[in-house]
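Here is how names work: the chains are called A, B, and so on, in the same order as the sequence lines, proteins then strands, and each is numbered from 1. Remember, it's a predicted structure, so these values are computed and weren't measured experimentally.
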Amino acid sequence: MAELLSHVLIVYVVLTCAGWRLEWLTQRWVAVGMIGAILPDLSRIGLFVTDATIETALGVPFSFGALQTLGGLLLLAAIGSLVVADHRRRAFGLLFVGGFLHLLTDGLKSWADGTAGAWLYPLSWYRHPTPGLYVSSDLWVLVGVGTVALVVTLIDLGILRPMSETDK
Amino acid sequence: MKYVGFSAVYMHIGLRGIAAILLVGALLGLCVHYGATYDENWPHPTGDQLATEYDTSVDERVLLIGEVISTNPSDETATIEITDDADETAAEIQVHGVTQSVAVGGVVQAYGTLHADRTLTPTNIVVVNHSSWDGGYKLVTSVVGLLLAITYFVIHWRPDFRRFVFDQRTPDRRNLD
């Protein structure tokens, strides 16, 4: 995975730009999508409580890795949508989109065997070929995404105006 | 704002509570199924498998991911530590042909042929963290990302403790235009 800041900024950029076309996709819904970007990384709970500890407590196999998959994301987005006051389907959709962009971005990173993680679980354990665009510690990812996010923010606030046909 | 009576509020809370319990149950079930089936579906040996049945992976092409515990630039080797589900050391493997810059505390992926003498001849190596500093960088930026998402959310949504929900805090800027 890339670091979480890049994931959050990618979702911010994509949803903010989409909001320029979709009237209903306002800032508060962009915020919901950004929370969605966090969901797959809830698997990092494993840094504090190991799978083995949970397995001992429950007496069955267990892995937080499921949270970083399509199935885990669907369930987490559904749970998240329950704590929103209205438009729960929209909340679910944006939580899912935010998390899906996270998983999709992770699917582009480098793996030594040339194939990505099995993030399509439980649909499939298939590991698709990865273009190997980056590793998670690459600073250029954050610099690039951060720069785009800054430009998008300036445009969204009306401070920066893209050149239109009438300006030329 | 539309008035919602107390009874309606609690009915909604009850229904959402039941839905939440079912979904959390399904999520736990998914984690159990994932944990139970991971080893047989992951095409490479896990830490647990290396610890208990190392010989079955000898002469196989495997992908190993581990933290670098020692390096020897003169003969281009690095020893990596593979951990098990309990984050305990499952195996220490010496990887040959490490020409990339990587220090102790870094993390590498090595794909290649595993040998009985606990060495690996790689066909490809990906340095994930060049040193422990890279790990620190990812941790700090991830915490910043977490705080950014939460802050942005709290700017636009406020908790309503009576209904156990987040509600719209302010009209959207676009709606104010």
What one should report as the nearest heavy-atom pair of Q109(B) and A112(A) is OE1-N, 2.7 Å
Between Y12(A), W111(A), F64(A), which shows the greatest number of heavy-atom pairs under 4.5 Å with chain B? W111(A)
The test is side chain to side chain contact (heavy atoms under 4.5 Å, CB included); show your working for Y38(B) and W125(A) and say whether it passes. CA-CA 9 Å; Y38(B) 183 85; W125(A) 283 94; 3.7 Å; yes
Count the heavy-atom pairs under 4.5 Å between each of A37(A), G98(A), G65(A) and chain B, then report the option with the highest count. G65(A)
In terms of heavy-atom pairs under 4.5 Å with chain B, which of V60(A), I35(A), L9(A) leads? I35(A)
What part of L63(B) gets within 4.5 angstrom of chain A, counting heavy atoms only: side chain, backbone, both, or neither? side chain
Under a 4.5 Å heavy-atom cutoff, which of V11(A), D113(A), L142(A) has the most pairs with chain B? D113(A)
Which heavy atom of P61(A) sits nearest a heavy atom of G35(B), and at what distance? CB-C, 3.7 Å
So which residue, G17(B), A36(B), P122(B), ends up with the most heavy-atom pairs under 4.5 Å with chain A? A36(B)
Rounded distance (nearest 0.5 Å) linking atom NZ of K138(B) with atom CG of L5(A): 14.0 Å
Which one, L148(B), L64(B), T141(B), V24(B), leads in non-hydrogen pairs under 4.5 Å with chain A? T141(B)
Rounded to the nearest 0.5 Å, what separates atom OG1 in T151(B) from atom CE in M34(A)? 9.0 Å
For the pair L82(A) and L23(B), evaluate side chain to side chain contact (heavy atoms under 4.5 Å, CB included) and give the outcome as yes or no after the intermediate values. CA-CA 10 Å; L82(A) 292 176; L23(B) 287 168; 3.8 Å; yes
Roughly how far apart are L146(B) CG and D41(A) CG, rounded to 0.5 Å? 9.0 Å
Indicate, with yes or no, if V135(A) and I80(B) share a hydrophobic cluster defined by side-chain heavy-atom contacts under 4.5 Å among Ile, Leu, Val, Met, Phe, Trp and Tyr. no
When every non-hydrogen atom of V83(A) is compared with those of R16(B), the smallest separation belongs to CA-NH1, 4.3 Å
Looking at D87(B), L147(B), V32(B), which one has more heavy-atom pairs under 4.5 Å with chain A than the rest? V32(B)
For the atom pair CG (L67(A)) and OH (Y34(B)), what is the distance rounded to the nearest 0.5 Å? 9.5 Å
Would you say I45(A) ends up clustered with I54(A) if hydrophobic residues are merged whenever their side chains have heavy atoms under 4.5 Å apart, either directly or through other cluster members? yes
To the nearest 0.5 Å, tell me how far L22(B) CG sits from I79(A) CD1. 10.5 Å
Contact summary for A31(A) and F153(B), nearest pair of heavy atoms: CB-CA, 3.8 Å
Proximity breakdown for S110(A) and chain B, heavy-atom pairs closer than 4.5 Å: both
Quick check for you: among S63(A), A91(A), G132(A), which has the greatest number of heavy-atom pairs under 4.5 Å with chain B? S63(A)
By a 4.5 Å heavy-atom criterion (distance strictly below it), what part of I38(A) contacts chain B: side chain, backbone, both, or neither? side chain
Is chain B contacted by the side chain of L74(A), its backbone, both, or neither, given a heavy-atom distance below 4.5 Å? neither
Membership question, hydrophobic clusters at under 4.5 Å side-chain separation (ILVMFWY): are L42(A) and L139(B) in the same one? no
Can V152(A) be reached from L15(A) by stepping across I, L, V, M, F, W or Y side chains whose heavy atoms are under 4.5 Å apart? yes
From E88(B) CD over to T50(A) OG1, what is the distance, rounded to the nearest 0.5 angstrom? 8.5 Å
With the 4.5 Å side-chain cut-off for hydrophobic clustering, are I21(B) and F92(A) part of the same group? no
One pair to check against side chain to side chain contact (heavy atoms under 4.5 Å, CB included): V165(B) and R88(A). What are the steps and the verdict? CA-CA 11 Å; V165(B) 292; R88(A) 294 209 174 96; 4.1 Å; yes
Checking S142(B) side chain against E3(A) main chain: does a donor-acceptor pair fall under 3.5 Å? no
In terms of heavy-atom pairs under 4.5 Å with chain A, which of A86(B), A19(B), G112(B) leads? A86(B)
Which answer fits D160(B), side chain, backbone, both or neither, if we ask what part of it has an atom under 4.5 Å from a heavy atom of chain A? neither
Counting only N and O atoms by type, is there a donor-acceptor contact under 3.5 Å from the side chain of D85(B) to the main-chain atoms of A52(A)? no
Polar side-chain atom of R28(A) near backbone of H156(B) as donor-acceptor pair, under 3.5 Å: no
Can you tell which part of T69(A) gets under 4.5 Å to a heavy atom of chain B, answering side chain, backbone, both or neither? side chain
For the NE2 atom on H33(B), are there more than 12 heavy atoms of other groups (residues, nucleotides or ligands in this structure) within a distance under 6.0 Å? no
Of all heavy-atom pairs linking Y121(A) and L30(B), the shortest is OH-O, 3.4 Å
Heavy-atom pair with the smallest gap, counting every atom of S136(A) and V128(B): OG-CG1, 3.5 Å
Chain A heavy atoms under 4.5 Å from Y152(B): which part of the residue, side chain, backbone, both or neither? both
Less than 4.5 Å to any heavy atom of chain B: does that hold for the side chain of V8(A), its backbone, both, or neither? side chain
